[in-house]
*Asks:* 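My questions will all concern the structure given below.
Because the structure is a prediction, the values reported are computed rather than measured. For the numbers below, each heavy atom of this structure counts, side chains included, while hydrogens, waters and symmetry mates do not.
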4 protein chains.
Amino acid sequence: MSESTKQRLFEATLELATSRGLAGLTVDEIAAAAGVAKGTVYYNFGSKDGLIDALLRYGVGQLADRLRAARDDREPVEGLESLVDTGLEFIAGHRGFSQILVSEMWRTPGQWQDTLSLLREEILSIVREQLRRVADAGRLPDDVEISTAAAGLFGTLLVVALDWQAFQPQRSRADVRESIMVLLRGLTR
Amino acid sequence: MSESTKQRLFEATLELATSRGLAGLTVDEIAAAAGVAKGTVYYNFGSKDGLIDALLRYGVGQLADRLRAARDDREPVEGLESLVDTGLEFIAGHRGFSQILVSEMWRTPGQWQDTLSLLREEILSIVREQLRRVADAGRLPDDVEISTAAAGLFGTLLVVALDWQAFQPQRSRADVRESIMVLLRGLTR
Amino acid sequence: MSESTKQRLFEATLELATSRGLAGLTVDEIAAAAGVAKGTVYYNFGSKDGLIDALLRYGVGQLADRLRAARDDREPVEGLESLVDTGLEFIAGHRGFSQILVSEMWRTPGQWQDTLSLLREEILSIVREQLRRVADAGRLPDDVEISTAAAGLFGTLLVVALDWQAFQPQRSRADVRESIMVLLRGLTR
Amino acid sequence: MSESTKQRLFEATLELATSRGLAGLTVDEIAAAAGVAKGTVYYNFGSKDGLIDALLRYGVGQLADRLRAARDDREPVEGLESLVDTGLEFIAGHRGFSQILVSEMWRTPGQWQDTLSLLREEILSIVREQLRRVADAGRLPDDVEISTAAAGLFGTLLVVALDWQAFQPQRSRADVRESIMVLLRGLTR
DNA sequence: CATGAATGAGAATTCATTCAT
DNA sequence: AATGAATGAATTCTCATTCAT
């Protein structure tokens, strides 16, 4: 079934990209790691970029789903913390994918820039919405611009989580979450 | 003189990388932009990777120098803000360089991982030192661990600055600095 | 079919090497002569060295096949002469190949030393076996050690044949064969 | 003094060529191994080929001197054996140089073919002269052509000696000499 | 006499893509 | 739906040679 082939290609690409970055991957490697012939990549995705593009959409889709599920009708600030926690959990559990995001997200004309802009927007809109609730509850200082704060929060979350994994793996997730919360609480007072 | 050749190559590479990203550059282009023959790159750096490696050290050296110069005997929190501002200025002025930093810094084994670990440490030690002063002045909450905060601050700065350049170029630098300061002020209360 | 591509590359390489030597060939030339794209060489052999390595095995295989075919149930000394004649014929017909054999065979660590040691052994075992028959027929002096004689005979054959081709091309093959036979007859008395 | 520089370059080249062959050497390596700057090679020899050329002449000159010294007014066949023994001794003592000779001597258009033809002739004339004496003493069969035999003897000597060094280093020089003598005695009866 | 930084033509190698099966 | 041999443009890298000091 085609779905399993695509899935296998996604997983192999993720696995390889974790250590070598997206740009450094060859279609040969990906196909070999997925246990399919090279032509199969082209049959299923049309091109290398097509595969990467699909992979990015797939991964971000998963992240967005989780984030959306994490929001609830609780108190706004708690909801924000829940968002952060969910984000941290996802990143820790999908390190390879997250590394790809940081690696490619801010690369200027980067090959996947268009897709990434779209995906970034999808995530940010979720964060912005939650920040908006916090603001509506009067818990955000007036001089904080929501879209800026959302972008900053997303980037910080990504980077802090990866730094944790790469350079301070002995820290617990709760510990890392708390570091970010300290910042957020400062912000939301 | 060899130093000037290396210097010219660094500058040409940085220049090109700012608009096109480091990964996509060819040695031909770099040499042409620097006004030297292609062989000269290999004579001086051994390989394309050798050039990038040297460039990373050079760039981080520059950043560290600026950061060190930004610290002064003023009030600790102001000193911290000065550090942030200097960092922002540097990143905005060396976009290509900063992009490679984010792209490679958190890649697991990564080609330049060894170099980057060293360089990360060089920057972090400066940030840590300043945070220490802030703490000594009693301006940091007790539950904030300095080395964690330093790593988070560095990553956040990098990412927020790049996000600004890539997705919100119309914002002013002062504006962006203020976004980060809001966070810091929350932290340092 | 892949076999025919490899075959074509072997033949083209051998052809070119006969007039220009193996070391001086470029992959471009070889591919052009074989009527395939340059990438095909890399697809099939991985590298220029890989091609040469495979070619050595292929060539020695051919030589060994011919030598084995040349042995028959005739009188032992005649069989030995037949071996020599076959060897001469092969070398004369594959000059480029033989040159690389002499060039590389006795080079201390040499790029293809491992391959060549194996190949040398394959040829020598055939020669040894024939010398053994001569000895069993009581036609070899007692003080001649077979493995030493085999190695000497192989080397001599190679060198004499190449010397003929390079410096005395006007001599006939029969003439050259006779020169070696004179030595062998002295030996087998 | 220039002589010592040339000498150092000869020795370094010989040393390197022993394991890697002449063609694979770079001027950089040679200069580094000799402890001089690259320009010095060009100052002294004009080109890489000039260095190799001079080296070949130098080495063969040494060999020719020894061979000439080995001939004496003794009985012709003994003189021939003395020639062989001296040749063996030289080769064993100058393995690197000898490997170069075998590697390059029969390479068809080889870059140093002209020089090598001359040098080959220098050695062969010595061998031919001695064989002539043997013939004059009535110790050579009528069907042996002297110049052919000389070429064969030279090649065989070279190859057998190298085979000894590379593949059967445990044998004594006397042992190896005896192997060749067996052939020669058969020839000279 | 000697140096070594710089050169650039030439060679090896990579890799996304195509296409006949 | 999948394959994998073949391609060739693009790139990296090599190295003999030059030349100003």
*Asks:* Please name all residues satisfying side-chain hydrogen bond (donor to acceptor under 3.5 Å, both in side chains) with A:S103, sequence neighbours left out, ordered by chain then number.
*Replies:* B:R107

*Asks:* In whole angstrom, give the distance that lies between atom CD1 of D:I52 and atom P of F:dT17.
*Replies:* 11 Å

*Asks:* Can you give the dot-bracket line for DNA chain E, where a pair is Watson-Crick or G-U wobble with both atom distances under 3.5 Å, crossing pairs use [ ], and | marks a partner on another strand?
*Replies:* .||||||||||||||||||||

*Asks:* Mind jotting down which residue pairs meet the salt bridge (Lys or Arg N to Asp or Glu O under 4.0 Å) criterion with at least one end in residues 34-45 of chain A? Sequence neighbours excluded, please.
*Replies:* A:D28-A:K38

*Asks:* In chain order, what residues pass the side-chain hydrogen bond (donor to acceptor under 3.5 Å, both in side chains) check against B:S117, with sequence neighbours excluded?
*Replies:* none

*Asks:* If you compare all heavy atoms of A:A33 against all heavy atoms of A:L16, which two are closest, and at what distance to 0.1 Å?
*Replies:* CB-CD1, 3.9 Å

*Asks:* Report the nucleotide, chosen from E:dA16, E:dT3, F:dT12, that has the shortest atom-to-atom distance to any side-chain atom of A:T26.
*Replies:* E:dA16

*Asks:* Classify the nucleic acid contact of B:L51 as base, sugar-phosphate or nothing, counting any heavy atom under 4.0 Å across all strands shown.
*Replies:* nothing

*Asks:* Show the atom names and distances, to 0.1 Å, of all donor-acceptor pairs under 3.5 Å that link a side chain in residues 55-63 of chain A to residues at least two apart or in another chain.
*Replies:*
residue, atom, partner, partner atom, Å
A:R57, NE, A:D53, OD2, 3.1
A:R57, NH2, A:D53, OD2, 3.1
A:Y58, OH, A:Q7, NE2, 3.0

*Asks:* D:D65: which residues meet the salt bridge (Lys or Arg N to Asp or Glu O under 4.0 Å) condition with it, sequence neighbours left out?
*Replies:* D:R68

*Asks:* Which residue, A:D28 or A:G39, contacts DNA chain E at a nucleotide closer to its 5' end, judged by nearest heavy atom?
*Replies:* A:D28

*Asks:* Considering only side-chain heavy atoms of C:T40, which listed nucleotide, F:dA6, F:dT3, E:dA16, is closest?
*Replies:* F:dA6

*Asks:* The side chain of D:V27 is closest to which nucleotide in this list: E:dA2, E:dT17, F:dA16?
*Replies:* F:dA16

*Asks:* So, using side chain to side chain contact (heavy atoms under 4.5 Å, CB included) as the criterion, who are the partners of A:S47 when residues are at least two apart?
*Replies:* A:D49

*Asks:* I want to confirm an ordering. Mapping B:S47 and D:L25 to their closest nucleotides on DNA chain F, which one lands closer to the 5' end?
*Replies:* B:S47

*Asks:* B:Y42 has a side chain; which of E:dT14, E:dA16, F:dC13 sits nearest to it?
*Replies:* F:dC13

*Asks:* Check whether any side-chain heavy atom of B:L51 sits under 4.5 Å from a side-chain heavy atom of B:V27, and report yes or no.
*Replies:* no

*Asks:* With sequence neighbours left out, which residue pairs that include part of residues 20-51 of chain D fulfil the ring pair (Phe, Tyr, Trp, His ring centres under 6.0 Å) condition?
*Replies:* D:F10-D:F45

*Asks:* Rounded to whole angstrom, note down the P distance from F:dT21 over to E:dC1.
*Replies:* 22 Å

*Asks:* So if I take residues 30-38 of chain A and measure heavy-atom distances to DNA chain F, which residues fall below 4.0 Å?
*Replies:* A:V36, A:A37, A:K38

